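Read through the structure below, which is laid out as structure tokens, and then see the notes.
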Amino acid sequence: MASFPLNLNEQQQQRIHKLDVLRGQGLDPYPPRSQRTHTSSEAREAFLATEGVADSVAPEVTLVGRLQSLRVMGKLSFAHIEDGDGRLQLLLRRNDLGNEAYDRFRKEVDLGDFVQATGPMIRTRAGEITLQVQTWQLLAKALSPPPEKWHGLQDVETRYRRRYVDLAVNPAVRQIFRVRSRIVTNVRRYLDDHGFLEVETPVLQPLYGGAAAQPFITHHNALDQDLYLRISDELYLKRLIVGGLERVYEIGKDFRNEGISTRHNPEFTQIEAYQAYGDYYDMMTLAEECWATVAQEVLGTTQITFQEHTVNLKPPWHRLPMHEAIRDTAGVDIDADRDFEALHAHVVERKLHIEPQKTWGRLVDELFKEYVEPTLIEPTFILDYPVEISPLAKRKPDAPHLVERFEFFVAGMEVGNAFSELNDPLDQLARFEAQQKAHVAGDEEAHPLDEDWIQALMFGMPPTGGIGWGIDRMTMLYTNQSSIREVILFPQLRSKD
RNA sequence: GGGCCGCUAGCUCAAUUGGCAGAGCAACUGACUCUUAAUCAGUAGGUUACAGGUUCGAUUCCUGUGCGGCUCACCA
């Protein structure tokens with residue numbers, strides 16, 4: 001018996017009493033094995049294969065599953081059990097089971113219990129394909145009752161904190177995570193088919209990098225050394241490009257120590273891919289082809305509906321240089337106002353403020369986020385970012401204040417980031433030094449100087465295109481979920497108590 | 001971190017102006033051999049998130065705390 005205070009409610013106490021009754025009858029409420037012969041859909045198919053066929057015999061099956069409904073009508077009862085394939089009805093008759101087995105089902109079994117039932121498949125008078133139970137067995141007793149049967153579990157907090165209940169009673173939630181799994185599988189397949197090698201790089205890193213974010217810090221006891229949880233995979237994957245692995249990718253968790261919102265979870269899943277001898281144009285092709293292919297495979301169409309928007313992921317996507325986008329929406333020509341003060345005047349005029357890094361690039365970024373981002377409904381690549389906010393990307397040869405970088409947007413949501421990778425070690429060093437200045441000036445998300453990465457670049461890296469996007473946000477778009485918590489099985493919540 | 005909203009039975013929700021805390025489902029007892037939101041009769045189930053305050057009296061009004069949702073800021 002439980003030796004810790006469980007604060008059992010009345011229904012739980014009743015169910016524990018039933019455990020004692022069952023054990024008193026010499027029955028194990030938690031037997032070690034089951035003997036399934038068919039899943040619910042296999043049993044249904046087996047029945048349909050024989051129904052109406054002359055001289056055929058109804059198939060005899062053994063099904064297992066969780067009891068989801070029970071309708072007792074005296075000497076006849078109906079129930080539904082649910083397995084991984086779906087629901088199937090059970091018919092139990094006193095005549096078939098005998099008094100003892102029938103009464104035990106009525107008295108000792110509760111909604112939520114796992115049961116096993118054996119018998120022939122039949123069709124009831126109401127037309128439902130049903131297992132006519134001859135023998136049955138309890139597989140696992142549930143001590144807590146399931147939520148109410150037609151409103152189900154709706155409380156969002158309880159759904160996230162007790163996801164097992166959510167999954168058990170809300171089929172739509174199960175479907176989201178099936179889609180998520182198939183998205184990951186198909187992204188992987190696309191990259192595998194295009195010659196990319198899947199690799200794993202450290203989550204625990206002596207120095208973090210690859211993005212503008214604050215890290216989580218942890219400690220290794222034996223080494224007596226602080227380590228960071230990675231904020232991106234970028235610099236390790238690019239080390240592999242230096243090492244001669246020409247196409248690599250990784251799908252894994254990144255960790256960013258920032259606010260939580262409907263679009264941000266502290267740990268999130270990102271795909272990053274790097275292609276030697278490629279550039280950011282190759283990454284655009286990769287993104288639009290991969291997203292369209294995955295949508296076709298997973299959803300059966302390249303058209304997706306997200307909230308009030310319906311968009312088509314079919315290539316080619318819009319390609320819009322950032323300065324054009326800002327000119328067309330904000331009415332500011334950033335090419336004309338190349339210095340901080342001139343552009344700052346426009347920003348002040350529009351009552352925007354920038355913190356903490358006061359650079360020309362941040363002003364551009366601010367204008368972009370305010371005016372352009374909300375307009376990006378159709379899948380769109382925004383090209384050519386300011387160098388100050390892109391310390392790992394290669395400069396545009398004809399415009400060295402910009403870099404060959406794009407971010408892409410679908411249905412108003414930023415989903416990914418890519419660039420022609422900076423492979424000039426001395427320029428990389430200069431960029432890191434600029435980041436250090438920004439850090440001193442108060443930008444806590446400035447990129448730290450990674451000396452080992454400079455060493456790697458000095459060994460020589462070919463021209464390379466790299467891309468990353470969020471699997472969580474991709475799943476949000478493909479399943480039409482407006483909160484990232486709906487596509488993460490166990491989203492981060494504050495601990496209770 | 002700011003603003004707004006929410007927290008009542010296992011679940012979904014009510015409760016009038018501050019006046020006995022209720023319903024449906026689930027549970028328990030009974031009837032019922034083709035139901036499927038089964039039906040019918042009956043029973044039980046509450047620290048109204050928590051801590052204070054006002055009041056003869058608080059689910060209701062006030063203050064604080066916790067947790068959550070949305071949103072703004074920040075970010076991806």
Side-chain angles (χ1 to χ4, degrees), chain A residues 7-15 17-18 68-80 87-97 102 106-107 110-112 122-130 132 142-162 165-166 169-170 210-214 231-232 254-270 352-356 365-366 369 373 389 407-409 413-417 443-445 468-474 476 482-486 491 493-497:
Chain A
N7 291 324
L8 297 172
N9 65 37
E10 189 184 341
Q11 290 191 46
Q12 291 168 327
Q13 289 171 19
Q14 285 165 351
R15 286 174 178 228
H17 176 69
K18 290 180 182 179
Q68 296 281 22
S69 69
L70 179 59
R71 297 175 292 283
V72 177
M73 297 182 309
K75 300 182 181 67
L76 172 74
S77 299
F78 291 94
H80 276 96
R87 289 190 180 202
L88 198 128
Q89 184 168 259
L90 305 182
L91 167 62
L92 301 99
R93 301 196 305 172
R94 188 180 285 277
N95 289 354
D96 293 333
L97 289 166
Y102 185 77
R106 283 204 319 172
K107 303 281 183 186
D110 292 298
L111 297 184
I122 59 151
R123 194 182 280 278
T124 62
R125 281 174 212 168
E128 182 163 348
I129 297 171
T130 298
Q132 184 173 354
L143 297 184
S144 295
E148 193 253 12
K149 68 182 170 190
W150 65 79
H151 294 98
L153 175 63
Q154 295 183 338
D155 180 73
V156 172
E157 180 177 358
T158 308
R159 286 184 46 233
Y160 297 156
R161 289 192 191 276
R162 306 188 69 198
V165 182
D166 189 28
V169 303
N170 292 324
Q214 294 189 60
I231 61 170
S232 88
D254 291 337
F255 306 84
R256 298 187 184 175
N257 206 339
E258 291 163 349
I260 297 174
S261 78
T262 49
R263 292 182 180 193
H264 299 84
N265 195 61
E267 58 180 292
F268 64 104
T269 302
Q270 192 157 230
L352 306 178
H353 68 281
I354 58 158
E355 290 293 338
D365 198 37
E366 191 62 33
K369 282 181 171 156
E373 254 196 57
I389 58 173
E407 293 187 313
F408 56 110
F409 298 80
M413 183 151 64
E414 180 191 346
V415 286
N417 185 25
D443 182 358
E444 291 183 323
E445 294 176 346
W469 70 78
I471 294 292
D472 313 278
R473 288 186 180 178
M474 189 181 194
M476 288 169 69
S482 59
S483 170
I484 200 168
R485 296 181 200 97
E486 295 292 346
L493 299 174
R494 200 179 295 269
S495 299
K496 277 201 159 178
D497 302 325

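The structure presented is a predicted model; accordingly, all values stated were derived computationally and were not measured. Letters go in sequence order (proteins before strands), and every chain restarts at 1. Hydrogens, waters and symmetry mates play no part in the numbers below; they use all other heavy atoms, side chains included.
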Inset, instruction - Sticking with atom C1', work out how far B:rU60 lies from B:rU54, rounded to a whole angstrom. - result: 13 Å

Legend entry - Separation between the P atoms of B:rG69 and B:rU16, rounded to whole Å: 28 Å

Legend entry - Atom pair distance, as rounded to whole Å: CZ in A:Arg263 and C1' in B:rA73: 15 Å

Legend entry - Nearest-nucleotide 5' precedence on RNA chain B, A:Ser483 against A:Arg93: A:Arg93

Legend entry - Partners passing side chain to side chain contact (heavy atoms under 4.5 Å, CB included) against A:Gln13 (at least two apart in sequence or in another chain): A:Leu8

Legend entry - Between B:rG22 and B:rA44 - C1' atom distance, rounded Å: 15 Å

Legend entry - Main-chain N/O of A:Leu153 paired with A:Asn170 side-chain donor or acceptor, under 3.5 Å: yes

Legend entry - Nearest listed nucleotide, side chain of A:Ala126, among B:rG69, B:rA38, B:rU36: B:rU36

Inset, instruction - Kindly point out which of B:rC34, B:rA76, B:rG69 is positioned nearest to the side chain of A:Phe268? - result: B:rA76

Legend entry - Nucleotide of B:rC70, B:rC28, B:rG10 approaching A:Arg485 most closely (side-chain heavy atoms): B:rC70

Legend entry - Pairwise P distance, B:rG24 and B:rG42 [rounded to whole Å]: 11 Å

Inset, instruction - Using a heavy-atom cut-off of under 4.0 Å over every strand shown, decide if A:Arg15 touches base, sugar-phosphate, or nothing. - result: nothing

Legend entry - Side chain A:Asp155 and base B:rU12 donor-acceptor under 3.5 Å: no

Inset, instruction - Examine distances only and state if a side-chain atom of A:Arg15 and a backbone atom of A:Asp110 form a donor-acceptor pair shorter than 3.5 Å. - result: no

Legend entry - Nearest-Å distance once atom P is located in both B:rC11 and B:rC7: 14 Å

Legend entry - Complement of B:rA31, any strand, by Watson-Crick or G-U distances under 3.5 angstrom: B:rU39

Legend entry - Sugar-phosphate only, base, or nothing, as touched by A:Glu10 at under 4.0 Å among non-hydrogen atoms: sugar-phosphate

Legend entry - Candidates B:rC32, B:rA76, B:rG68 - which lies nearest the side chain of A:Arg161: B:rG68

Inset, instruction - Starting at atom CG of A:Leu70, determine the distance to atom C1' of B:rU39, rounded to an integer number of angstrom. - result: 14 Å

Inset, instruction - Could you check which of B:rC67, B:rU36, B:rU12 has an atom nearest any side-chain atom of A:Glu157? - result: B:rC67

Inset, instruction - Give A:Ala212 one of three labels, base, sugar-phosphate or nothing, depending on what nucleic acid heavy atoms sit under 4.0 Å from its own. - result: sugar-phosphate

Inset, instruction - Output yes when a side-chain donor or acceptor of A:Asn265 lies under 3.5 Å from a complementary backbone atom of A:Phe268, and no otherwise. - result: no

Inset, instruction - Write down the distance between CD (A:Gln11) and P (B:rC28), rounded to a whole number of angstrom. - result: 8 Å

Inset, instruction - Send over the distance from A:Leu91 CG to B:rA38 P, rounded to a whole Å. - result: 16 Å

Legend entry - Test item: A:Thr130 side-chain N/O and A:Leu90 main-chain N/O as donor-acceptor pair under 3.5 Å: no

Inset, instruction - Take atom P in B:rA14 and the same atom in B:rA58, then report the distance between them in whole Å. - result: 24 Å

Legend entry - Listed nucleotide nearest any side-chain atom of A:Val72, set B:rU33, B:rC32, B:rU35: B:rC32

Legend entry - Closest non-hydrogen atom pair, A:Gln270 against A:Trp469: CG-O, 3.3 Å

Inset, instruction - Rounded to the nearest angstrom, tell me the gap between atom OH in A:Tyr102 and atom C1' in B:rU33. - result: 8 Å

Inset, instruction - Using a heavy-atom cut-off of under 4.0 Å over every strand shown, decide if A:Thr262 touches base, sugar-phosphate, or nothing. - result: sugar-phosphate

Legend entry - Nucleotide paired to B:rU54 in any strand shown, Watson-Crick or G-U, under 3.5 Å: none

Legend entry - Atom-to-atom span, CZ of A:Arg494 to P of B:rG68 - whole angstrom: 6 Å

Legend entry - Whole-Å C1' distance, B:rG18 and B:rC61: 8 Å

Legend entry - Contact summary for A:Leu76 and A:Leu91, nearest pair of heavy atoms: CD1-CD1, 2.9 Å

Legend entry - A:Gln13 side chain near B:rA27 phosphate (N/O to OP1/OP2, under 4.0 Å): no

Inset, instruction - Could you tell me the separation between the CG atom of A:Leu92 and the C1' atom of B:rU36, rounded to a whole number of Å? - result: 14 Å

Inset, instruction - Choose from B:rA76, B:rG68, B:rC11 the nucleotide whose nearest atom is closest to any side-chain atom of A:Lys369. - result: B:rA76

Inset, instruction - With the side chain of A:Arg106 defined as its heavy atoms from C-beta on, choose the nearest nucleotide among B:rC32, B:rU12, B:rG69. - result: B:rC32

Inset, instruction - Quick one: closest heavy-atom pair of A:Arg256 and A:Ser232, and the distance? - result: NH2-CB, 4.1 Å

Inset, instruction - Please confirm whether any donor atom in the side chain of A:Thr124 sits under 3.5 Å from an acceptor in the base of B:rU35, or the reverse. - result: yes

Inset, instruction - Compare side-chain N and O positions of A:Arg71 against OP1 and OP2 of B:rA38 and report whether any pair is under 4.0 Å apart. - result: yes

Inset, instruction - For A:Gly416, answer base if it contacts any base atom (sugar-phosphate contacts may also be present), sugar-phosphate if it contacts only those atoms, and nothing otherwise; contact means non-hydrogen atoms under 4.0 Å. - result: nothing

Legend entry - Side-chain ion pair, A:Glu414 and A:Lys369, N-O less than 4.0 Å: no

Inset, instruction - Select base, sugar-phosphate, or nothing to describe what A:Asn265 touches, counting heavy atoms under 4.0 Å on all strands. - result: base

Inset, instruction - Considering only atom P, compute the distance from B:rA23 to B:rG66 and round it to an integer number of Å. - result: 36 Å

Legend entry - Minimum-distance nucleotide to A:Gln89 side chain [options: B:rC32, B:rA26, B:rU36]: B:rU36

Legend entry - base_contact_polar (B:rA26 base, A:Glu148 side chain, donor-acceptor, <3.5 Å): no

Inset, instruction - Find which nucleotide of RNA chain B each of A:Leu153 and A:Lys107 is nearest to by heavy atoms, and output the residue with the more 5' nucleotide. - result: A:Leu153

Inset, instruction - Searching all strands shown, indicate the nucleotide that pairs with B:rU48 (Watson-Crick or G-U wobble; both distances under 3.5 Å). - result: none

Inset, instruction - Check every strand shown and say whether A:Arg94 touches a base, only sugar-phosphate, or nothing at a heavy-atom separation below 4.0 Å. - result: nothing

Legend entry - Below 4.0 Å: OP1/OP2 of B:rC25 and any side-chain N or O of A:Lys149: no

Inset, instruction - Quick one: closest heavy-atom pair of A:Ile484 and A:Arg263, and the distance? - result: CD1-O, 3.6 Å

Inset, instruction - Rounded off to whole Å, could you give me the NE2-to-C1' distance for the A:His151 and B:rG10 pair? - result: 16 Å

Legend entry - Base partner of B:rC7, which must satisfy Watson-Crick or wobble distances under 3.5 Å: B:rG66

Inset, instruction - Any strand is fair game: report the nucleotide pairing with B:rU59 by Watson-Crick or G-U wobble, both distances under 3.5 Å, or none. - result: none

Legend entry - Base-pairing mate for B:rG1 - Watson-Crick or G-U, with both contacts under 3.5 Å: B:rC72

Inset, instruction - For A:Glu128, report the nucleic acid contact type (base, sugar-phosphate, nothing); a contact means any heavy atom under 4.0 Å. - result: base

Inset, instruction - Report the base-pairing partner of B:rU12 (Watson-Crick or G-U wobble, both distances below 3.5 angstrom), or none. - result: B:rA23

